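Step one of this worksheet: look at the structure below.
Just so it is clear, the structure is predicted and the values come from calculations on it, not from any experiment. Only this structure's heavy atoms are used, side chains among them; waters, hydrogens and symmetry mates stay out. Convention: sequence-line order gives letters A, B, ...; per-chain numbering from 1.
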Amino acid sequence: MPELPEVETTLRGIAPHMEHRVIDAIEVRDDRLRQKIPTAVQRVVGHQVESLRRRAKYILIRTANGTLLIHLGMSGSLRVLTSEQEPSRHDHFDIVTGGTTIRYNDPRRFGLLLWHDSSPESHPLLSSLGPEPLGDAFDGDYLYQKSRGRRLAVKNYIMDGRVVVGVGNIYASEALFMAGISPVRAAGRVSLARYRALAAAIRDVLARAIRRGGTTLRDFVDSDGAPGYFAQELLVYGRAGQACFQCGRALQQRVIGQRSSFYCKTCQS
DNA sequence: ACAGTAACCTGTTTGC
DNA sequence: TGCAAACAGGTTACTG
């Protein structure tokens, strides 16, 4: 479910309930996630949250006694519960801070809750990640340089977290349409000018999606349980057979690298 | 090093 | 209506 804008939306929702607060308890009721939730997560209990931030699609909660890493996988969500509420199916853990319960739900169990002792950048899952798409180190020149000689489809290239983080299946299709690039074009066969347009499109679509609270296709909810409203602004994703907003011809759908991809065969090459 | 595929899960939608 | 297949926002491990 969650790509970068959805994780960012979640982070902003939980931030007021976590920043500078002491973590009173972590209640794990189902430790079966992509990796088993380690007992070491309890080490942050009793410590204040020193910083709360996002790296790629990870939420990082730093304390003086280590950092919690949370990943939402495909179907994870964090909800802020204001009153006592009975845990239900797929509620894996709660983080309790100053009377607020932050509850993690994840039906498909592709998410993570991990503990790391030092700088989270050194964690094996984070150490080889590429630059943030909204940061200074990411631009068209970077995408161009790094892609020389690569033959894989450009859509798969920009979805590779070692190249750039946070671009998932929805926003990859959207950005490629905005830049007029065919998703199946070999990454090494995209010009510098077009990579500049693509980098700009990626930044633009992610920033706009964050402003709308993310994209809810079926079940994404923010920390208040509300959906995101960017789905209304999607140009190609999920619109197979419907008219292209630019040329009016029917949009295509096909599987590229095991993922459904949407594009206009007239406007993208 | 690179590219492609299978795998990890459950829930919902689609198609016969 | 019923049942099985297909599909879903992510990521890693394995193969050749």
| field | Euclidean distance, atom CG of residue A:Leu129 to atom C1' of C:dT12 [Å, nearest integer] | value | 12 Å
| query | Which whole-number value in Å describes the distance from A:His90 NE2 to B:dC8 P? | reply | 18 Å
| task | Nearest whole angstrom, please: distance from the P of B:dC9 to the CG of A:Leu72. | result | 19 Å
| message | My understanding is that a pair needs two contacts under 3.5 Å, Watson-Crick or G-U wobble. By that rule, which nucleotide pairs with B:dC9? | response | none
| When we call it a touch if two heavy atoms are under 4.0 Å apart, what does A:Leu217 touch: a base, just sugar-phosphate, or nothing? | base
| said: Is there a continuous path of hydrophobic side-chain contacts, each under 4.5 Å between heavy atoms, that joins A:Val44 to A:Leu60? | reply: no
| message | Work out how far the P atom of C:dT11 is from that of B:dA1, and round it to whole angstrom. | response | 22 Å
| A:Arg21 and A:Thr100: side-chain donor and acceptor closer than 3.5 Å? | yes
| field | Minimum-distance nucleotide (side-chain atoms of A:Arg151 versus B:dC9, B:dA3, C:dG10) | value | B:dA3
| task | Would you kindly give the CD1-to-P distance between A:Ile158 and C:dG10, to the nearest whole Å? | result | 12 Å
| request: Report yes or no: is the cationic atom of A:Arg254 (NZ for Lys, CZ for Arg) under 6.0 Å from the centre of the six-membered ring of A:Phe262, at an angle within 45° of the ring normal? | output: no
| query | Please give, in whole Å, the distance from B:dT12 P to A:Arg108 CZ? | reply | 12 Å
| request: I would like to know whether A:His123 and A:Thr67 meet side-chain hydrogen bond (donor to acceptor under 3.5 Å, both in side chains); could you show each step before the answer? | output: CA-CA 10 Å; A:His123 191 279; A:Thr67 299; over 6 Å; no
| field | Side-chain-base donor-acceptor pair under 3.5 Å for A:Arg150 and B:dA3 | value | no
| Which nucleotide, C:dG10, C:dA8, C:dT12, lies nearest any side-chain atom of A:Leu125? | C:dT12
| task | Starting from the C-alpha separation in whole Å, work towards a yes-or-no answer on salt bridge (Lys or Arg N to Asp or Glu O under 4.0 Å) for A:Arg196 and A:Asp141. | result | CA-CA 7 Å; A:Arg196 286 178 173 157; A:Asp141 296 59; 2.9 Å; yes
| Taking OP1 and OP2 of B:dG11, is either one under 4.0 Å from a side-chain nitrogen or oxygen of A:Ser75? | no
| query | C:dG10 phosphate, OP1 or OP2: any side-chain N/O from A:Arg259 under 4.0 angstrom? | reply | yes
| message | Both A:Asn156 and A:Arg109 contact DNA chain B. Which one's nearest nucleotide lies toward the 5' end? | response | A:Asn156
| request: Using the P atom on both, measure C:dC7 against B:dT5 and round to a whole Å. | output: 15 Å
| note | A:Gln258 CD to C:dA13 C1', in whole Å, measures 12 Å
| field | Rounded distance in Å between the P positions of B:dG11 and C:dT12 | value | 24 Å
| Over how many whole Å does the gap from A:Leu33 atom CG to B:dT10 atom P extend? | 12 Å
| Watson-Crick or G-U counterpart of B:dA1, or none if no pair lies under 3.5 Å | none
| message | Measure CZ/A:Arg34 against C1'/C:dG10 and give the value in whole Å, please. | response | 7 Å
